[in-house]
> 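Below you'll find the structure I mean.
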Number of protein chains: 2
Amino acid sequence: MINKYVKNASDLVSTHEATRNGFLEYALRKSKESVPYLDKAKAFKLILEQKTKQPKDILKLDEVLSSCYEAAGVSVKANKYLTDSDLKDILLEFIKEFLEPSGEQYIEELIYRYLLTSGDALGGRMRNLVGSIANEKLTRNIISQLQVLNISFEYYDKFSKTWLASKNYTIDQVPDIRAIKWILKSGGKRQLIYNLTVPIVKKNIDLVILNCHSEEITGKAFKEMISNPSNYELLGELKGGVDPAGADEHWKTANTALSRVRDNFKKHDIDIPLVFIGAAIEISMSKEIFSQYTTGQITNCANLTVENQLVNLCYWLVTQR
Amino acid sequence: MINKYVKNASDLVSTHEATRNGFLEYALRKSKESVPYLDKAKAFKLILEQKTKQPKDILKLDEVLSSCYEAAGVSVKANKYLTDSDLKDILLEFIKEFLEPSGEQYIEELIYRYLLTSGDALGGRMRNLVGSIANEKLTRNIISQLQVLNISFEYYDKFSKTWLASKNYTIDQVPDIRAIKWILKSGGKRQLIYNLTVPIVKKNIDLVILNCHSEEITGKAFKEMISNPSNYELLGELKGGVDPAGADEHWKTANTALSRVRDNFKKHDIDIPLVFIGAAIEISMSKEIFSQYTTGQITNCANLTVENQLVNLCYWLVTQR
DNA sequence: TAGACTCGAGTAG
DNA sequence: ACTACTCGAGTCT
């Protein structure tokens, strides 16, 4: 019972207010993220107006053919699995079924359908963004702890692929931080890495803390380091989504992910400490999480939207042992 | 090793061809499902043209206010968590940030943004549809088995909420079938129900087979019947999605769901038979599934896109014991 | 009716 | 290249 703000299962449950805040922030952000999608649609429309006089003219527009596929309902993901011949057939069917019946309005029909597909794409992008924002929230809290405890640290910038000293840190760099390393008062080394593929489980783990440092976080030497289970201090799952309807769904996923880590480290006779941090926690799953916490299957847990729990967990992450 | 077409983990893996077929069917269906979303957008546009002269006029349009919220990026789901005041603020911000800067084009901007949100909604609808279609595929295969084996059955129509005799069955009723009941040659009763909330686990299970019949599948008597763990013959998870990228994600979910069933029946000293049926099975997860199959943690499994495996599993579902 | 189901739109290691 | 991560858009019980 390490986290003193998690005394009961119900402490973990997200409040309605937290959920509301999440959806509110989401809506505002989505409006902003829409802009490039709209710009693309408008540019696409202009090309269609200039270069086509009738639906079947789009078949000749090589430059915007992939946009036409999107209009026909093919996502970028689906596109990969279809052959050129499949795509051509879809497009022919699309022209015949939906564009030609629209008569003069075929460009409007095409653009409207393009926007439908774009909306789904935007939704996908937003989901990734929510995940990144959760990472960033955790990063800010961890760095705050390091600063408060006056522990100097280095952070790894994912673009320059270099470690920077804590004195260079500013809050606008948070999105680019892939890893953080520091040294405990006791002399122990710590290195936190996000979204690392852990060879022991052959899966990506949201949050990994190693008990050793490395200059690179790619390459052969690093690969060797992370292949040794005794170099791991802790692993964790972080779920930043706020939707209550997704809460149990994603906890089930996290639960299997954590089980895989536990089982695979156990093969090396290691009881690896695990944590779960989630923003959407409902009553029923809170009981399962708390039960795992009580029995030690997970070592710590927190609701990402409960300040005290998060701060306490970060303090512990930074200082443990 | 009940399913004679599942001899190795690799037998479970989905082929590229199956994935392609899935995405192809998906794209064609999506084009058709788009129509009502486009119609709504066009109707919305007409109202805006008739009743507004400038962006802030939309605030007075009570009839289409919820459509305006959607245009501002608020999904129906998000809407539920926001207060009227939140929504009003979002709309004001939306007008100021995105509609007013568009000048004369504010209606186009509004409709384009409405379509983006609609596209995400359509995506959600499509995901549900894929799930239903998988259910229907299973239903058709089960009924075919019953017919081939000359076992008379009754099927429960979810709208009329009544049981109909097998002689009334036609293939176009498949989408409305919630349950099927039949009697084994040995005299044993069987009743299959989809998406049943099982009191023993307090969760919905995709596929449930009981060893007893009931007149209703709601109400007190039925509730009592399904509260008795010894009335269960088998439970299963069915995953109809074809996307390889979602395969492991959804298997992790299914795995926790199956574990919950197993653990909760175990509390009543029952080793309940479990099955997993999935359309998107990748190599790594196929090994986990096959391993569970070998050790008896699951009793049967099949790839929904592999005809032999599915038929064999349905034969077994229909005739077991 | 609150709760938990459907699955793929993106992304990145 | 390949695998598996992000999470909420719907739906139904």
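Fair warning: this is a prediction, and the values are worked out from it, not measured in the lab. Below, chain A is the first sequence line, B the second, and so on; all start at residue 1.
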> Of B/Gly240 and A/Glu70, whose nearest nucleotide on DNA chain C comes first from the 5' end?
B/Gly240
> Of all of residues 75-83 of chain A, which get a heavy atom below 4.0 angstrom from DNA chain C, listed by number?
A/Ser75, A/Val76, A/Lys77
> Quick one: label A/Tyr194 by what it contacts on the DNA or RNA (base, sugar-phosphate, nothing), any heavy atom closer than 4.0 Å.
nothing
> If you find the nucleotide of DNA chain D closest to A/Ala245 and the one closest to B/Ala245, which residue's nucleotide is nearer the 5' end?
B/Ala245
> Considering only NZ, NE, NH1 and NH2 on the basic side and carboxylate oxygens on the acidic side, decide whether A/Arg29 and A/Glu33 come within less than 4.0 Å.
yes
> Could you give the side-chain donor-acceptor pairs of residues 66-78 of chain A under 3.5 Å, partners two or more places apart or in another chain?
{"from": "A/Ser75", "atom 1": "OG", "to": "A/Lys77", "atom 2": "N", "distance (Å)": "3.4"}
{"from": "A/Ser75", "atom 1": "OG", "to": "A/Ala78", "atom 2": "N", "distance (Å)": "2.9"}
{"from": "A/Lys77", "atom 1": "NZ", "to": "B/Asp243", "atom 2": "OD2", "distance (Å)": "2.5"}

> For A/Ile209, is there any backbone N or O sitting under 3.5 Å from a side-chain donor or acceptor partner on A/Gln191?
no
> Tell me the interatomic distance from A/Glu288, atom CD, to C/dA4, atom C1', rounded to whole angstroms.
12 Å
> How large an angle, rounded to 10°, do the end axes of the helix from C/dA2-D/dT13 to C/dG13-D/dC2 enclose when each is built from five base pairs?
30°
> Rounded to the nearest angstrom, tell me the gap between atom CE in A/Met285 and atom C1' in C/dC5.
15 Å
> Round to the nearest Å and state the distance from A/His250 atom NE2 to C/dT6 atom C1'.
12 Å
> Let me spell it out: for each of A/Pro244 and B/Val242, pick the nucleotide of DNA chain C with the closest heavy atom. Which residue's pick is nearer the 5' end?
A/Pro244
> Please name all residues satisfying side chain to side chain contact (heavy atoms under 4.5 Å, CB included) with B/Asn195, sequence neighbours left out, ordered by chain then number.
B/Asn135, B/Asp206
> Identify, residue by residue, the members of residues 199-206 of chain B with a heavy atom below 4.0 Å from DNA chain C, and return them in order of residue number, or none.
B/Lys203, B/Asn204, B/Asp206
> Using residues 17-28 of chain A as the side-chain source, report each donor-acceptor pair under 3.5 Å to any protein atom, sequence neighbours left out, with the distance given to one decimal.
{"from": "A/Glu17", "atom 1": "OE2", "to": "A/Arg20", "atom 2": "NH1", "distance (Å)": "2.9"}
{"from": "A/Thr19", "atom 1": "OG1", "to": "A/Thr15", "atom 2": "O", "distance (Å)": "3.2"}
{"from": "A/Arg20", "atom 1": "NE", "to": "B/Asp86", "atom 2": "OD1", "distance (Å)": "3.3"}
{"from": "A/Arg20", "atom 1": "NE", "to": "B/Asp86", "atom 2": "OD2", "distance (Å)": "2.5"}
{"from": "A/Arg20", "atom 1": "NH2", "to": "B/Asp86", "atom 2": "OD1", "distance (Å)": "2.6"}
{"from": "A/Asn21", "atom 1": "ND2", "to": "A/Glu17", "atom 2": "O", "distance (Å)": "3.4"}

> Nearest nucleotide by nearest heavy atom, which residue falls closer to the 5' end of DNA chain D, B/Lys252 or A/Gly246?
B/Lys252
> Could you give the CG-to-P distance, from B/Leu235 to C/dC5, as a whole number of Å?
12 Å
> State plainly whether the residues A/Asp248 and A/Lys252 are in salt-bridge range, i.e. N to O under 4.0 Å.
yes
> Is any side-chain N of the basic residue among A/Glu288 and B/Arg260 closer than 4.0 Å to the acidic one's carboxylate O?
yes
> C/dT6 phosphate, OP1 or OP2: any side-chain N/O from B/Tyr26 under 4.0 angstrom?
no
> Take the protein atom NZ of B/Lys158 and the nucleotide atom C1' of C/dC5, then report the distance between them rounded to whole Å.
13 Å
> Which of residues 119-130 of chain A sit near DNA chain D, with a heavy atom under 4.0 Å from it?
A/Arg127, A/Asn128, A/Val130
> Students often get this wrong, so: under 4.0 angstrom with heavy atoms, is A/Ser284 touching a base, only sugar-phosphate, or nothing?
sugar-phosphate
> Which one of A/Asn204, A/Leu235, A/Ile226, A/Leu207 satisfies the side chain to side chain contact (heavy atoms under 4.5 Å, CB included) criterion with A/Leu196?
A/Ile226
> Using the rule given for salt bridge (charged side-chain N to carboxylate O under 4.0 Å, His left out), can you reason through B/Glu215 versus B/Lys181, listing the C-alpha separation, both sets of side-chain angles and the distance that settles it, and then say yes or no?
CA-CA 10 Å; B/Glu215 270 317 301; B/Lys181 62 183 178 186; 3.5 Å; yes
> How would you list all residue pairs meeting salt bridge (Lys or Arg N to Asp or Glu O under 4.0 Å) that involve residues 191-202 of chain B, not counting sequence neighbours?
none
> Not counting sequence neighbours, which residues clear side chain to side chain contact (heavy atoms under 4.5 Å, CB included) with A/Glu282? List them please.
A/Pro244, A/Ala247, A/Met285
> When you measure from the side chain of B/Thr139 to the backbone of B/Val174, do you find a donor-acceptor pair of N or O atoms at a distance under 3.5 Å?
no
> Can you spot which of B/Asn303, B/Leu304, B/Thr305 makes a side chain to side chain contact (heavy atoms under 4.5 Å, CB included) with B/Leu310?
B/Leu304
> Write down the distance between CD (B/Glu237) and P (C/dA4), rounded to a whole number of angstrom.
14 Å
> For the pair made of CD1 in A/Ile133 and P in C/dA12, what is the distance, rounded to whole Å?
14 Å
> Identify, with sequence neighbours excluded, every residue that meets salt bridge (Lys or Arg N to Asp or Glu O under 4.0 Å) alongside B/Glu224.
none
> Closer than 4.0 angstrom, basic N to acidic O: yes or no for A/Asp120 and B/Arg127?
yes
> Mind checking what makes side chain to side chain contact (heavy atoms under 4.5 Å, CB included) contact with A/Ser118, not counting sequence neighbours?
A/Tyr37, A/Tyr114, B/Leu116
> Measure CG/A/Asp176 against P/C/dA12 and give the value in whole Å, please.
12 Å
> So, A/Arg178 side chain and A/Tyr194 main chain: donor-acceptor pair closer than 3.5 Å or not?
yes
> With a 4.0 angstrom cut-off to heavy atoms of chain A, pull out the first and last contacting nucleotide of DNA chain D, in 5'-to-3' order.
D/dA4 to D/dG10
